[in-house]
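Accompanying notes for the structure given below.
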There are 2 protein chains.
Amino acid sequence: MKKNITIADSELPIMKILWEKGTLTSPQIFENMHGNKSTLKTLLQRLVTKGAVTAKENTSRTYLYTAAVTQQEYINSERKSFLQKAFDGSTKKMLLNFVQEEKITKEELQQLIDMIEEG
Amino acid sequence: MKKNITIADSELPIMKILWEKGTLTSPQIFENMHGNKSTLKTLLQRLVTKGAVTAKENTSRTYLYTAAVTQQEYINSERKSFLQKAFDGSTKKMLLNFVQEEKITKEELQQLIDMIEEG
DNA sequence: TTTTTGAGATTACAAGTGTAAACTGAAATC
DNA sequence: GATTTCAGTTTACACTTGTAATCTCAAAAA
């Protein structure tokens, strides 16, 4: 059985902070963010409920929060979804579209080739 | 004011048929699809309501449905959303990630460069 | 003309999302 | 000890999505 945890757009900023900083208490998370505290509490709660974030007991009555879904897992899932929706799952079609829409330059492509060759 | 019409995943198959075929009646749309008819009717209705599809009066009591949002508009919007969510809006970061995850080969990149040079 | 058909309209309903207020109870402060 | 603070919990609520059944009524078929 897969878990297939989805991260809502509104929840993403919290995940990004946890990915960047590691393990934090909720006040530490929130001080890195803008937005209504009540709302942020709800979002963090939902992330814990759906298993995207784990909460470990801490001294006093606070928890230590850690991302349970890695950023790469999130990105992979978003990539698949995007490719499927917009390009029938074809990376090639996507790249072609980026070139046509001039979102990529020849130079950038060359840089990538160089990187691959350097290993 | 922007319109900012979003197309839900479940509605996308209908859009794809309209993008491909142009203007169709609902029976023509549905004969190109699988799935429960009632559900499809609802989805088409919602697309009309949100302005992603226009319905023009036809003979008898049927309409002619046409996509009001172009496929390129849809793709652009999905691309922006994907890039923003996963790579802070940076195409470069995305390409780098694709290379690292081996979703692109050197050969494919070279092909793209060739295409750009040919114009 | 009566009956059937079926496109479109209406209604339903659970999940999930975005947003936020109110409540609780232990810990910190007075 | 009394009071304040605030992390965490509960409740709220409208909107969107996924999925589908039911109702309506003109057109087509019998």
Side-chain angles (χ1 to χ4, degrees), chain A residues 2-18 21 23-66 69 74 77-78 81-82 84-85, chain B residues 2-18 21 23-66 69 74 77-78 81-82 84-85:
Chain A
K2 286 292 131 31
K3 31 185 182 176
N4 194 25
I5 295 169
T6 52
I7 293 167
D9 290 355
S10 63
E11 295 160 354
L12 188 52
I14 293 178
M15 293 304 291
K16 284 188 172 173
I17 285 169
L18 290 175
K21 311 262 182 175
T23 296
L24 296 175
T25 62
S26 79
Q28 289 170 332
I29 293 172
F30 300 152
E31 77 190 15
N32 282 284
M33 306 185 65
H34 60 51
N36 180 287
K37 182 92 84 67
S38 252
T39 301
L40 295 179
K41 282 183 188 180
T42 301
L43 297 176
L44 180 57
Q45 190 59 57
R46 286 180 184 171
L47 284 168
V48 171
T49 300
K50 59 171 81 167
V53 167
T54 54
K56 285 201 176 31
E57 282 286 355
N58 189 24
T59 50
S60 76
R61 289 303 100 192
T62 66
Y63 291 97
L64 287 174
Y65 296 94
T66 312
V69 170
Y74 172 74
S77 146
E78 288 297 315
S81 155
F82 167 63
Q84 196 53 55
K85 287 193 287 184
Chain B
K2 283 294 131 35
K3 30 183 180 177
N4 195 24
I5 295 169
T6 51
I7 292 167
D9 290 355
S10 62
E11 295 159 355
L12 187 52
I14 293 178
M15 293 304 291
K16 284 188 172 173
I17 284 168
L18 290 175
K21 311 261 184 175
T23 296
L24 296 175
T25 61
S26 79
Q28 288 171 332
I29 293 172
F30 300 152
E31 76 190 19
N32 282 283
M33 306 184 64
H34 60 52
N36 179 287
K37 183 92 84 65
S38 250
T39 301
L40 295 178
K41 281 183 186 180
T42 300
L43 298 175
L44 180 56
Q45 190 60 56
R46 286 181 184 169
L47 285 168
V48 171
T49 300
K50 60 171 80 168
V53 167
T54 54
K56 286 201 175 36
E57 282 285 355
N58 189 25
T59 50
S60 75
R61 288 305 99 194
T62 67
Y63 292 98
L64 287 174
Y65 296 95
T66 311
V69 170
Y74 172 73
S77 147
E78 288 296 315
S81 155
F82 168 63
Q84 196 53 56
K85 287 192 289 183

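Throughout, protein chains are lettered first and strands after them, A, B, ... in sequence-line order, and every chain is numbered starting at 1.
- One finds the NZ atom of B:K41 at 12.0 Å from the CD1 atom of B:I14 (value rounded to the nearest 0.5 Å).
- With sequence neighbours left out, A:T66 forms a side chain to side chain donor-acceptor pair (under 3.5 Å) with A:T23.
- For C:dT19, the OP1/OP2 oxygens have no side-chain nitrogen or oxygen of A:T39 closer than 4.0 Å.
- Looking at every heavy atom in both residues, A:D9 comes nearest to B:K85 through OD1-CD, 3.3 Å.
- Between B:Y63 and B:K56 the shortest side-chain heavy-atom distance does not fall below 4.5 Å.
- Nearest approach of A:Y65 to A:L18, heavy atoms of both residues: O-CD2, 3.6 Å.
- When the C1' atom of D:dA20 is taken as reference, atom CG of B:L43 falls 10 Å away, rounded to whole Å.
- Looking at residues 26-38 of chain A, you'll see A:S26, A:P27, A:K37 sit with a heavy atom under 4.0 Å from some atom of DNA chain D.
- The distance from atom NZ of A:K85 to atom P of D:dT17 is 11 Å, rounded to the nearest whole Å.
- The two atoms that bring B:L40 and B:G35 nearest to each other are CD1-O, 3.9 Å, heavy atoms only.
- Between B:S26 and B:L44, the shortest heavy-atom distance links the atoms CB-CD2, 3.8 Å.
- A donor-acceptor pair under 3.5 Å links the side-chain atoms of B:T49 to the main chain of B:Q45, judged by distance alone.
- For B:K41, the listed nucleotide lying nearest its side chain is C:dG8; candidates were D:dT9, D:dT17, C:dG8.
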Below 3.5 Å between N/O atoms, which protein atoms pair up with nucleotides 24-27 of chain C? Just atom names and distances, please.
none

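- Nearest approach of A:P13 to A:M33, heavy atoms of both residues: CB-CE, 3.5 Å.
- Taking atom CG of B:L40 as the reference point, atom C1' of C:dG6 lies 15 Å away to the nearest angstrom.
- No hydrogens or angles were tested; on distance alone, nothing pairs the side chain of A:T62 with the base of D:dA7 as donor and acceptor under 3.5 Å.
- One can place CG of B:L64 at 14 Å from P of C:dA7, the figure rounded to the nearest angstrom.
- Checking the phosphate oxygens (OP1, OP2) of C:dG6, no side-chain nitrogen or oxygen of B:Y63 falls inside 4.0 Å.
- Evaluation of the side-chain contact (heavy atoms from CB on, under 4.5 Å) rule for B:Q84 yields no partner, not counting sequence neighbours.
- When distances are taken from the side chain of B:D9 to each of D:dG18, D:dA20, D:dG8, the shortest belongs to D:dG18.
- In terms of heavy-atom proximity, B:L24 sits nearest to B:Q28 at CA-OE1, 3.4 Å.
- If you measure from atom CD of B:E57 to atom P of D:dA27, you get 11 Å, rounded to the nearest angstrom.
- Going from atom CD1 of A:I7 over to atom C1' of C:dT17 covers 14 Å, rounded to whole Å.
- Listed by residue number, A:Q45, A:R46 are the residues of residues 44-55 of chain A with a heavy-atom contact under 4.0 Å to DNA chain D.
- One finds no side-chain N or O of B:Y65 lying less than 4.0 angstrom from the OP1 or OP2 phosphate oxygen of C:dA7.
- For the pair A:E11 CD and C:dT19 C1', the interatomic distance rounds to 12 Å; values are reported in whole Å.
- Nucleic acid contact class of A:T25 (heavy atoms, under 4.0 Å, all strands): none.
- Atom pair A:I14:CD1 and D:dG8:C1' shows a separation of 14 Å (rounding to whole Å applied).
- Of the candidates C:dG8, D:dA20, D:dG18, the closest approach to any side-chain atom of B:T42 belongs to D:dA20.
- Take A:K16 and apply the side-chain contact (heavy atoms from CB on, under 4.5 Å) test, not counting sequence neighbours, and it matches A:L12, A:W19, B:D88.
- Backbone-only engagement by B:T6 is indicated by non-hydrogen atom pairs under 4.0 Å involving sugar-phosphate atoms exclusively.
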